[in-house]
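Structure first, then comments.
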Amino acid sequence: MTGVDENFDPRAVQDKWQARWEELNPFAASEDPADERPRRYALDMFPYPSGDLHMGHAEAFAIGDAVARYWVQRGYNVLHPIGWDSFGLPAENAAIKRDSHPAEWTYANIDTQAESFKRYAIAFDWSRRLHTSDADYYRWNQWLFLRFYERGLAYRKGGYVNWCPNDQTVLANEQVVAGRCERCHAVVEKRLLTQWYFKITEYADRLLADMEQLDWPERVLLMQRNWIGRSEGADVAFEIEGRAEPVTVYTTRPDTLYGATFFVVAADAALADEICAPEQRAEFEAYRETVRRESEIDRLATDREKTGVFLGRYAVNPVNGERMPVWAADYVLAEYGHGAIMAVPAHDQRDLDFARRFGLPVRVVVHTGDADPGESGVATPGEGELVNSGPLDGLAKSAAIPRITEVLEERGLGKAAVNYRLRDWLISRQRFWGTPIPIIHCESCGEVPVPDDQLPVRLPEDLRGADLSPRGVSPLAAASEWVNVDCPKCGGPAKRDTDTMDTFVDSSWYFLRYCSPDYSDGPFDVEQVRRWMPADQYNGGVEHAILHLLYSRFFTKVLYDMGMVDFTEPFKRLVNQGQVILGGSAMSKSTGNLVDLGAQIDEFGVDAVRLTMMFAGPPEDDIDWADVSPSGSVKFLARVHRVAAEVTSAPGADAATGDAELRKVTHHTIDEVTRLVEGHRYNVAIARMMELTSAARRVIDTGAGAGDPAVREAAETLAVTLSLFSPYTAEEMWARLGHQAPVAKAGWPSADPALLVQESVTCVVQVAGKVRDRLEVSPEIGDDELERLALASEKVQAALADRGIRKVVVRAPKIVNIVPA
RNA sequence: GGGGCCGUAGUCCAAUCAGGCAGGAGACACGCGACUUAGGAUCGCGACAGUGUGGGUUCGAAUCCCACCGGCCCCA
């Protein structure tokens, strides 16, 4: 062989260009107002610094990088920043274990990851790097908290909250997945605590309505819609005998009001305690104790037997005056609606299960045509005609709902109502490594905000190791010098709030900080944000479909209401990459089912690992590392590099004088790859680049040879397009072709339209749907002429034999289908 | 229980949005040949087989519709 492939040593090429790029700094975004290039903001979900980068990071950032690099090639002024989500529990746990400070572990890991990102050749603007655990960052969490507080969007309240017994802290609803802690998977308990909340529920309708603006995967929007869980129904007031105030319940099925046969109050709701009759109290309190010990998982299980206790009281059905026994049960949640429901066993399965367990009556009020629920044990929630319902009789369910709502409103017994599944966001945490909540509790003044000019409230630096052990209250409480302060209002003795903020607060606005990372007069420079935001594309894992993405949308809307931003949605387009798995299951350190990114890079090189990620399939699909072939990528990179290395024509050689066929392939490839990259179909784009490589190879070996200018044109096209995926190889090719680095700024090639036109196309002629002949015809051929040509074909005539023709379908210039009689 | 997404060669995947030649775009693995020795290199060639199942619409269905089977996800 020529020996040039021996010159292509991926490791040497990496080291050489990484150093060179460090000098060139090609990806700094320009803030120059005179820079007229249109701006694009390519945003990646920032990493948590737990050890080094792993395969998942490698895929996610390879995708985001292809986007950013493509925009740079297209001549945009591109913002592609990086930072670290560096507060959080793992650092704290590591500090306890090692008797050190969380900052030590955190910043060491950040440095490791930063070095890996550089080696991995991600096109970041390194000058904008931020860490949420820096006081320069978290002071603005505190500042934002105070603005939320002023607007009534941050408040403290007592109630049952989710408690993770392992992490020894409360959790937001969004952090409880199927009854377990989303971090450590411990079964979540309920505790009665006073905690800080953000009033995200006030934005529920806007969070729903503004989804229209979003070019996001439909399934993510659907998940958010489900999470917010808007439902329409009615609030209905029920008298409870012996209680002055009526109790309001929310129902989505007011049409079934005549079918309500009992009333259920959440066992752990205050109402149950209040109305329980004295003779039932002992039984009720015993039951309540068992309920409190139950996990969310138990309570949600649909197949377990219903439990409950009669409270010895009766509610009155407002439409027919019937007395309904009031029960306490665990299948009604204290936090949902008003913590009490009217039970309609005929048309709600859980109510029916309860009724059958305790021998309560079942009354059908909607005739659905299905078996009687009282007999079958299967509730009938479907459409049907109302019966046993006084004035509603004969109406369809859909007509009965507005009718009964109207009646209730007329009589002052109820009204149409909207309910949400979404709860307010619980943001306080009883842990150390987070943003201190900037509130001071004064005995005489109550809650007093820390004045802005005293921000940041820094974390005390003398806590470390065992000081941080979880003990159910924040470790900050033990730092007495830090805790005890003078009240900013009255100067009297006061104590700091010792909880820290959920780290999802940090990540709800970091993308704004990137626009002006060193700004010191506010969380961000409003002008800079106006120029860069909203982000054009946001890349990250679907695991954030609800939590982070919902919170960020909420923050953006609040900032909009504060007049700090001029848009209501932060991320125009969202791309969720799949996971990298191994042998069909998720990679995990604990099971040893793991591929180490560093080892892959050592073996195959950065470019081959990146190319393998991008070529494996569509970005949103999972990649099973057992199914892909990084060695195949190595082979391709050597092959495409060899094409460039063999080129002997001079830079600037006139391609027009070169091989016409190869030129067509090159320009078709440019045209297709452009479209494919725009559509995020990188795997197909790479396949096209492989085809072009083969076409150039053929011309070198068996055609016009390596000196043909068309070969140079193909090689240059390959270098620039490959730079999105395998930047080191692309840079080396570009240098071999006699050009100046960086190839990243070479400029995207454009296809010559003249080379895209086809002189002839193959028209398929079918008889009864079977291909019988192929005709080479002009792409401009008319239907009539094509039909004549097709019918004249000998093969067609033979296939027809002596059958007549019933119909001829012509779709010029691609196909003719002749249907015999 | 409700809703959503997905089933194409031994394997990963194209073509599905907008119905029109799957002699599958590309690749992995496999086999053969060439490179005057060798080949975990390179270049070339090849075979295999097939749109989950059953209906429907259509001149024509991987593509659209319905049902079923199987897998994944969200809510309950």
Side-chain angles (χ1 to χ4, degrees), chain A residues 1-6 8 177-178 217-231 252 299-303 331 333 336 348-350 352-353 378-382 421-422 542-543 545-546 576 578-579 581 583-584 611-612 614-618 620-636 638-639 642-643 646 668-669 672 676 679 681-694 697-698 700-702 761-775 805-821:
Chain A
M1 250 337 275
T2 59
V4 286
D5 48 324
E6 272 87 299
F8 182 61
V177 178
E218 196 49 50
R219 63 180 177 142
V220 174
L221 295 178
L222 188 68
M223 280 159 79
Q224 292 215 349
R225 235 175 250 126
N226 285 341
W227 186 260
I228 295 167
R230 182 182 200 273
S231 68
T252 55
R299 290 181 70 159
L300 284 171
T302 46
D303 50 351
Y331 79 96
L333 300 177
Y336 186 80
D348 181 281
Q349 189 61 48
R350 292 184 307 173
L352 181 60
D353 294 342
V378 179
T380 58
R421 220 188 71 89
L422 182 70
V542 73
E543 67 273 17
I546 294 170
N576 289 130
Q579 293 192 301
I581 62 174
L611 189 73
T612 303
M614 301 302 282
F615 184 54
E620 60 274 16
D621 285 9
D622 287 350
I623 298 173
D624 193 329
W625 205 249
D627 290 335
V628 297
S629 171
S631 62
S633 300
V634 172
K635 234 165 80 176
F636 168 69
R639 181 175 155 87
R642 203 176 308 120
V643 166
E646 290 176 23
H668 267 113
T669 303
E672 281 203 87
L676 290 163
R681 294 167 56 217
Y682 307 108
N683 56 328
V684 188
I686 291 164
R688 295 292 167 266
M689 289 157 57
M690 289 172 169
E691 289 178 85
L692 177 56
T693 305
S694 293
R697 180 83 256 153
R698 267 194 300 280
I700 293 172
D701 288 347
T702 58
V761 294
T762 305
C763 174
V764 173
V765 185
Q766 299 177 328
V767 176
K770 285 199 174 114
V771 180
R772 296 299 184 181
D773 200 2
R774 293 188 171 78
L775 306 170
I805 294 168
R806 185 153 67 95
K807 188 174 183 181
V808 180
V809 180
V810 185
R811 293 287 179 274
K814 289 164 77 177
I815 198 161
V816 177
N817 188 14
I818 299 161
V819 188

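Lettering follows sequence order; numbering is per chain, from 1.
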Can you tell me how far [atom2] of [N] sits from [atom1] of [X], to the nearest Å?
X: L611(A); N: rC13(B); atom1: CG; atom2: C1'; result: 14 Å
X: I623(A); N: rC12(B); atom1: CD1; atom2: C1'; result: 11 Å
X: Q579(A); N: rC12(B); atom1: CD; atom2: P; result: 18 Å
X: L676(A); N: rU16(B); atom1: CG; atom2: C1'; result: 15 Å
X: F636(A); N: rG26(B); atom1: CZ; atom2: P; result: 13 Å
X: N683(A); N: rC28(B); atom1: CG; atom2: P; result: 15 Å
X: I700(A); N: rU42(B); atom1: CD1; atom2: P; result: 15 Å
X: Y682(A); N: rA14(B); atom1: OH; atom2: C1'; result: 18 Å

Tell me, please, which residues at least two apart from R230(A) pass salt bridge (Lys or Arg N to Asp or Glu O under 4.0 Å). D205(A), E232(A)
By salt bridge (Lys or Arg N to Asp or Glu O under 4.0 Å), R688(A) pairs with (sequence neighbours left out) E672(A), E691(A)
Closer to the 5' end of RNA chain B via nearest nucleotide, is it V816(A) or P618(A)? P618(A)
Let me know, please, whether E691(A) or G617(A) comes out on the 5' side of the other along RNA chain B by nearest nucleotide. G617(A)
Integer angstrom distance from the [atom1] of [N] to that of [M]:
N: rA41(B); M: rC28(B); atom1: P; answer: 11 Å
N: rU8(B); M: rG71(B); atom1: C1'; answer: 16 Å
N: rG20(B); M: rC35(B); atom1: P; answer: 45 Å
N: rC13(B); M: rA29(B); atom1: C1'; answer: 14 Å
N: rG55(B); M: rG19(B); atom1: P; answer: 24 Å
N: rU53(B); M: rG7(B); atom1: C1'; answer: 11 Å
N: rC48(B); M: rC6(B); atom1: P; answer: 32 Å
N: rG40(B); M: rG31(B); atom1: P; answer: 13 Å

Identity of whatever pairs with [N] - Watson-Crick or G-U, under 3.5 angstrom:
N: rG26(B); value: rC12(B)
N: rA67(B); value: rU53(B)
N: rG1(B); value: rC75(B)
N: rG20(B); value: rC59(B)
N: rC45(B); value: rG31(B)

Under 4.0 Å between any heavy atoms, over every strand shown, what does T762(A) touch: base, sugar-phosphate, or nothing? Just pick one. base
Take R225(A) and L222(A), measure what side chain to side chain contact (heavy atoms under 4.5 Å, CB included) needs, and give me the verdict at the end. CA-CA 5 Å; R225(A) 235 175 250 126; L222(A) 188 68; 4.3 Å; yes
For a quick test of your reading: what N or O donor-acceptor pairs under 3.5 Å do the side chains of residues 807-821 of chain A make, sequence neighbours left out?
from    : atom 1 : to      : atom 2 : distance (Å)
N817(A) : OD1    : G769(A) : N      : 3.2

Find every protein N or O atom lying less than 3.5 Å from an N or O atom of nucleotides 57-64 of chain B, and list the pairs.
from    : atom 1 : to      : atom 2 : distance (Å)
rC59(B) : OP1    : K807(A) : NZ     : 3.2
rC59(B) : O2'    : N817(A) : ND2    : 3.4
rC59(B) : O2     : N817(A) : ND2    : 2.6

Among the nucleotides rG20(B), rG26(B), rC75(B), which one has an atom lying closest to any side-chain atom of M690(A)? rG26(B)
Measure from the side chain of V771(A), starting at C-beta and using heavy atoms only, and say which of rC21(B), rC28(B), rC43(B) lies closest. rC21(B)
What closest approach, in Å, do [X] and [Y] show between heavy atoms, and which atom pair accounts for it?
X: A687(A); Y: F615(A); value: N-CE1, 4.0 Å
X: A616(A); Y: V628(A); value: CB-CG1, 3.7 Å
X: I546(A); Y: Q224(A); value: O-NE2, 4.1 Å
X: S629(A); Y: T612(A); value: O-OG1, 4.1 Å
X: T252(A); Y: S231(A); value: CG2-OG, 3.7 Å

What are the residues of residues 219-227 of chain A, sorted by number, that bring a heavy atom to within less than 4.0 Å of RNA chain B? L222(A), M223(A), N226(A), W227(A)
Could you tell me the separation between the CZ atom of R697(A) and the CG atom of L692(A), rounded to the nearest 0.5 Å? 12.5 Å
Could you tell me the separation between the CG atom of L221(A) and the CG atom of N226(A), rounded to the nearest 0.5 Å? 11.0 Å
Treating Q349(A) as the side-chain partner and V378(A) as the backbone partner, does any N or O pair qualify as donor plus acceptor under 3.5 Å? no
Apply side chain to side chain contact (heavy atoms under 4.5 Å, CB included) to the pair Q579(A) and D622(A), showing each step before the final yes or no. CA-CA 5 Å; Q579(A) 293 192 301; D622(A) 287 350; 3.7 Å; yes
Whether K770(A) contacts rC21(B) is assessed here as follows: a side-chain N or O lying under 4.0 Å from the phosphate OP1 or OP2. Is that the case? no
Please list each protein N or O that sits under 3.5 Å from an N or O in nucleotides 44-48 of chain B, with the distance.
from    : atom 1 : to      : atom 2 : distance (Å)
rG44(B) : OP2    : R639(A) : NH1    : 3.4

Below 4.5 Å, heavy atoms only, C-beta onward: do P618(A) and N683(A) meet side chain to side chain? yes
